[in-house]
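Along the sequence shown, the residues carry numbers beginning at 1.
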Amino acid sequence: MIESLVEQIEARFTEAQAQMGDPDVIADRQRYADAGRAFNHLAPAAKLAEEWRLAVNDAEGAEELLAEGEDPEMRAELNSARERIERLEEEIRLAMVERDPNDDKNVIVEIRGGAGGDEAGIWAGDLFRMYQRYAERLGYKAETMEAGDGSYTFEVKGDGAYSVFKFEGGTHRVQRVPETESQGRIHTSTATVAVLPEVEDVEVNINQNDLQIDVYRSSGPGGQSVNTTDSAVRITHKPSGIVISMQDEKSQLQNRERAMKLLRAKLYEAELQKQQAELSAERKSQVGTGDRAEKIRTYNFPQRRITDHRINFSVHNLDQVLAGEPDELTSALQDAEKRRRLEDQAGGA
């Protein structure tokens, strides 16, 4: 079975390489982007497949020499090659697990202060800055849609943005001594994070008759043009009760476009969660589902420890994570999701 999987990887990777160099594909921006995504997705698996073939050749060579007579050095070489083969077969299967169809999409991230009063709002701002730095460090483009009063919404644009940020959805709990705490007591507060894959018009059918659109005067700082014109927009989707307000842009048109983008994402997520609930009612794992489980992660400042409760995984580099480097957590969650998907595929086979 692994032999056929390796052959499939090699054939698909060769095809992706050929498409990347095809003038007709290069001339078509959409086809070239699709080919690039396929190439990038298959490249790690192709490298593993190459290593697997080398390990198999080493094992076969050692077996041939051992057939002529026992040799401790060759026996060690054979055992080492077999261990590599076993490890590589597992890695190849994980590399070729069926991907989340949303993984390549841009995302909209919403952060809201939860329990804990003013400290919750401060914590929401800390998470907002952490994600902004993380997005920038990965080469994504982060655009703020709303910021202030413990409530933040921003968009992250770039191939694979959802595959990185989707694990952040849920309740983030922090344990630390607030700056305003004179007695030095540890305070617990929370912030909720929602991660929505950005969707196109064609993916969500919105009946304009289901919308109530109100315009009003923006409030707060923003300059004369923001505060003296009816540029703010509030869109109510009557069937779902979802209300989106947007006022950060100077023009009513820009605020309307951003509000519609966020509405589409919220409606898409609601439908996605409904489907997942129907298909996976018995599934305990929260990884990759986007469910807002209570307390997905705890940030313990006194111990400089972060624990992700979904996979019972801890790191002790809190300062580094808040500086925009949660890569170790993301990698562990991605691995857990791949293993779950592999188990699901095996169970459904």
Side-chain angles (χ1 to χ4, degrees), residues 107-137 142 144-156 164-196 219-221 242-245 248 262 265-266 269 273 285-330 332-333 336:
V107 294
I108 296 173
V109 181
E110 290 183 317
I111 307 170
R112 302 285 183 266
D118 291 342
E119 174 67 9
I122 295 171
W123 174 231
D126 291 342
L127 289 174
F128 169 66
R129 286 180 286 276
M130 177 184 81
Y131 292 137
Q132 291 270 311
R133 295 179 187 124
Y134 190 31
E136 291 167 4
R137 192 172 63 79
T144 301
M145 301 172 75
E146 176 190 12
D149 297 326
S151 181
Y152 303 86
T153 303
F154 63 100
E155 184 178 10
V156 181
V164 173
F165 283 88
K166 65 181 176 182
F167 302 107
E168 302 305 310
T171 299
H172 294 243
R173 182 176 70 171
V174 63
Q175 296 170 325
R176 64 184 176 186
V177 179
E179 293 181 5
T180 56
E181 173 56 61
S182 59
Q183 303 297 320
R185 291 172 296 192
I186 294 176
H187 185 81
T188 298
S189 57
T190 65
T192 60
V193 177
V195 180
L196 316 173
S219 60
I242 294 174
V243 179
I244 306 294
S245 298
D248 283 9
L262 185 53
K266 281 181 173 287
E269 184 206 31
Q273 289 187 338
S285 172
Q286 296 292 328
V287 176
T289 66
D291 293 343
R292 292 176 179 79
E294 287 298 318
K295 196 184 69 177
I296 64 164
R297 196 176 291 162
T298 296
Y299 302 72
N300 185 300
F301 273 65
Q303 300 179 21
R304 322 310 295 171
R305 184 186 70 239
I306 302 176
T307 299
D308 195 290
H309 304 288
R310 294 165 292 182
I311 56 175
N312 194 26
F313 180 78
S314 295
V315 296
H316 292 81
N317 59 343
L318 187 146
D319 293 337
Q320 187 176 342
V321 170
L322 292 181
E325 300 181 32
D327 307 75
E328 194 173 352
L329 287 163
T330 303
L333 287 159

Checklist line | Chi angles and distances behind the side-chain hydrogen bond (donor to acceptor under 3.5 Å, both in side chains) call for Y131, E168 | finding: CA-CA 10 Å; Y131 292 137; E168 302 305 310; 2.8 Å; yes
Note to self: Could you walk me through whether I244 and K266 satisfy the side-chain contact (heavy atoms from CB on, under 4.5 Å) test, starting with their C-alpha distance in whole Å, then the side-chain angles of each, then the deciding distance to 0.1 Å, before giving a yes or no?
What the structure shows: CA-CA 10 Å; I244 306 294; K266 281 181 173 287; 3.5 Å; yes
Item checked: Residue pair L333, D308: steps toward the side-chain contact (heavy atoms from CB on, under 4.5 Å) verdict -> CA-CA 9 Å; L333 287 159; D308 195 290; 3.6 Å; yes
Next item on the list: Go through the steps to decide whether I108 and T153 satisfy the test side-chain contact (heavy atoms from CB on, under 4.5 Å), and finish with yes or no.
Entry: CA-CA 7 Å; I108 296 173; T153 303; 3.9 Å; yes
Margin query: Apply side-chain contact (heavy atoms from CB on, under 4.5 Å) to residues M130 and V321 and explain how you reach the verdict.
Written below: CA-CA 7 Å; M130 177 184 81; V321 170; 3.8 Å; yes
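For the pair G113 and A124, the tightest heavy-atom approach, listed with the atom from each and the gap, is N-CB, 3.8 Å. Listed here is the closest heavy atom pair of A142 and A135: CB-CB, 4.2 Å.
Atom OH of Y152 and atom CD of E110 lie 14.0 Å apart (nearest 0.5 Å). Between the CG atom of D126 and the CD1 atom of I111 there is a distance of 10.0 Å, given to the nearest 0.5 Å. In this structure, CZ on F167 lies 11.0 Å from CD1 on I296, to the nearest 0.5 angstrom. We find the NE2-OG1 distance between H316 and T307 to be 7.0 Å, quoted to the nearest 0.5 Å. Taken to the nearest 0.5 Å, the CG atom of N317 stands 8.5 Å off from the CD atom of E325. Distance check: I306 CD1 to L329 CG gives 5.5 Å after rounding to the nearest 0.5 Å.
At least one side-chain heavy atom of V174 sits under 4.5 Å from a side-chain heavy atom of F301. Within the 4.5 Å cutoff, the side chain of L196 has no heavy atoms near those of the V107 side chain. Annotation: side chain of I186 is in contact with side chain of P302 (closest heavy-atom distance under 4.5 Å).
Legend: residues meeting side chain to side chain contact (heavy atoms under 4.5 Å, CB included) with T298, ordered by chain and number and at least two apart, are R173, Q175, K295, H309. Legend: residues meeting side chain to side chain contact (heavy atoms under 4.5 Å, CB included) with R133, ordered by chain and number and at least two apart, are R129.
For the pair R137 (side chain) and Y134 (backbone), a donor-acceptor distance under 3.5 Å is absent. Judged by distance alone, with hydrogens and angles left aside, the side-chain atoms of W123 form a donor-acceptor pair with the main-chain N or O of H172 at under 3.5 Å. For R176 (side chain) and Y299 (main-chain N/O), no donor-acceptor pair under 3.5 Å exists by modelled atom type.
Using modelled atom types and a 3.5 Å distance limit, the side chains of S151 and R112 yield a donor-acceptor pair.
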